[in-house]
Amino acid sequence: MAKRNWKRVRPTSLRHAMELCLEYAREKQNLSVDNVADLMGLPAKWTLYKWLESGRMPAILIRPFEHACGAEFMTQYLAGSAHKLVVDIPSGRKAKPAEVNELQGSFAEAVGLLIKFYEGGAQVDDTLAALEHVVGGLAWHRENVSKVEAPELGLFEEGDA
């Protein structure tokens, strides 16, 4: 069985987002639904099963659920359904030249796909994914530049010590 590319997965509903979080937890962290319920501090695992069945979960428990699963598909779905783009917030470190080159390469790829799309030669999903990647990359660098004067503590960053 081929491994799923989790960066390209897009939830289609809140229930689908919950299922994706649990699949991610199972595949990447070897966690069952019962383990996730334990990590969330739920008194009974059946509560999580009930939420999964109905596709409903109290909003206050979305972040603990995503943290336990190690994935943020519910947050992505909620933001996307409100026509918002989710971008990881950087810590404010200097970007390496390779990172800027990567952004430029993905920009050229996205523009190429956009041209092909308007000519009828590219798929909607591929074009959207490329455009979202570029917009997310630009937003990441914008936020990174704004934080460079007052960076966050890099206590948990690897390779900077």
Side-chain angles (χ1 to χ4, degrees), residues 1-93 95 99 102-103 105-114 116-118 122-147 152 156-158:
M1 184 170 101
K3 290 204 176 215
R4 183 180 288 200
N5 183 353
W6 289 103
K7 291 184 179 191
R8 290 191 160 241
V9 173
R10 298 288 179 255
T12 57
S13 68
L14 201 52
R15 182 176 182 184
H16 184 229
M18 290 174 70
E19 292 169 355
L20 287 172
C21 284
L22 291 169
E23 285 178 37
Y24 185 90
R26 184 174 45 251
E27 183 179 312
K28 295 291 187 178
Q29 300 184 56
N30 198 27
L31 294 174
S32 67
V33 176
D34 297 3
N35 296 134
V36 171
D38 286 342
L39 288 171
M40 289 177 66
L42 295 176
K45 63 184 178 184
W46 305 113
T47 306
L48 186 53
Y49 282 108
K50 180 180 77 171
W51 293 336
L52 183 60
E53 179 184 13
S54 68
R56 295 172 161 233
M57 175 184 286
I60 197 167
L61 292 175
I62 291 174
R63 290 300 303 140
F65 173 71
E66 289 180 331
H67 181 71
C69 292
E72 298 169 336
F73 293 111
M74 291 182 75
T75 299
Q76 288 175 6
Y77 174 77
L78 290 170
S81 67
H83 304 288
K84 305 296 180 198
L85 181 66
V86 178
V87 177
D88 292 333
I89 297 175
S91 60
R93 64 168 174 78
E99 292 172 316
E102 181 183 324
L103 176 66
S106 61
F107 191 84
E109 179 186 344
V111 170
L113 270 172
L114 190 60
K116 285 181 185 175
F117 173 78
Y118 285 122
Q123 298 294 319
V124 172
D125 291 341
D126 295 338
T127 306
L128 286 175
L131 291 170
E132 287 173 6
H133 180 72
V134 168
V135 170
L138 285 170
W140 187 92
H141 282 284
R142 183 222 174 267
E143 191 65 23
N144 198 40
V145 169
S146 74
K147 287 186 169 187
E152 297 170 4
F156 302 106
E157 291 181 20
E158 294 181 21

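- The SG atom of Cys69 sits 14.5 Å away from atom NZ of Lys28, with the distance rounded to the nearest 0.5 Å.
- A salt bridge is absent between Glu53 and Arg15: the closest approach of a Lys/Arg side-chain nitrogen to an acidic carboxylate oxygen does not fall below 4.0 angstrom.
- Considering all non-hydrogen atoms of both residues, Ala68 and Leu31 come closest at O-CD1, 3.4 Å.
- Within the 4.5 Å cutoff, the side chain of Leu61 has heavy atoms near those of the Trp51 side chain.
- A salt bridge does not link Arg26 to Glu23: none of the charged nitrogens lies less than 4.0 Å from a carboxylate oxygen.
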**OP:** Given side-chain contact (heavy atoms from CB on, under 4.5 Å), test Arg56 with Lys50 step by step and report yes or no.
**Re:** CA-CA 8 Å; Arg56 295 172 161 233; Lys50 180 180 77 171; over 6 Å; no
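- Atom CZ of Arg142 has 12 or fewer neighbouring heavy atoms from other residues, nucleotides or ligands inside a 6.0 Å radius.
- Looking only at side-chain heavy atoms (C-beta outward), Leu20 and Arg4 come within less than 4.5 Å of each other.
- Note on ring orientation: taking the six-membered ring where Trp is involved, the planes of Trp6 and Phe73 are tilted (angle from 30° to 60°).
- Within the 3.5 Å criterion, the main-chain N or O of Met74 finds a donor-acceptor partner in the side chain of Glu66.
- Distance check: Leu103 CG to Leu138 CG gives 5.0 Å after rounding to the nearest 0.5 Å.
- Residues Tyr49 and Asp34 meet the side-chain proximity criterion, which asks for heavy atoms closer than 4.5 Å.
- Scanning all heavy atoms of the two residues, the minimum distance from Leu113 to Ala130 falls at CD1-CB, 3.7 Å.
- The distance from the CD1 atom of Ile62 to the NE2 atom of His67 is 15.5 Å, given to the nearest 0.5 Å.
- With hydrogens and angles disregarded, no donor-acceptor distance shorter than 3.5 Å links the side chain of Asn144 to the backbone of His141.
- The SG atom of Cys21 sits 8.5 Å away from the CD atom of Gln76 when rounded to the nearest 0.5 Å.
- When all heavy atoms of Val86 and Thr75 are compared, the closest pair comes out as CG2-O, 4.5 Å.
- Residues Ser106 and Glu102 are not in side-chain contact: their nearest non-hydrogen atoms beyond the backbone lie 4.5 Å or more apart.
- Asn30 and Asn35 get closest at one heavy-atom pair: O-OD1, 4.2 Å.
- Of all heavy-atom pairs between Tyr77 and Leu14, the closest is CE2-N, 3.6 Å.
- The CG atom of Leu52 sits 12.5 Å away from the OG1 atom of Thr47 when rounded to the nearest 0.5 Å.
- Distance check: Phe117 CZ to Leu128 CG gives 7.5 Å after rounding to the nearest 0.5 Å.
- A 6.0 Å sphere centred on CD of Gln123 holds no more than 12 heavy atoms belonging to other residues, nucleotides or ligands.
- The shortest distance between side-chain heavy atoms of His133 and Glu109 does not fall below 4.5 Å.
- Taking both residues in full, the closest heavy atoms of Ala37 and Leu48 are given as N-CD2, 3.8 Å, listed atom of the first, atom of the second, then distance.
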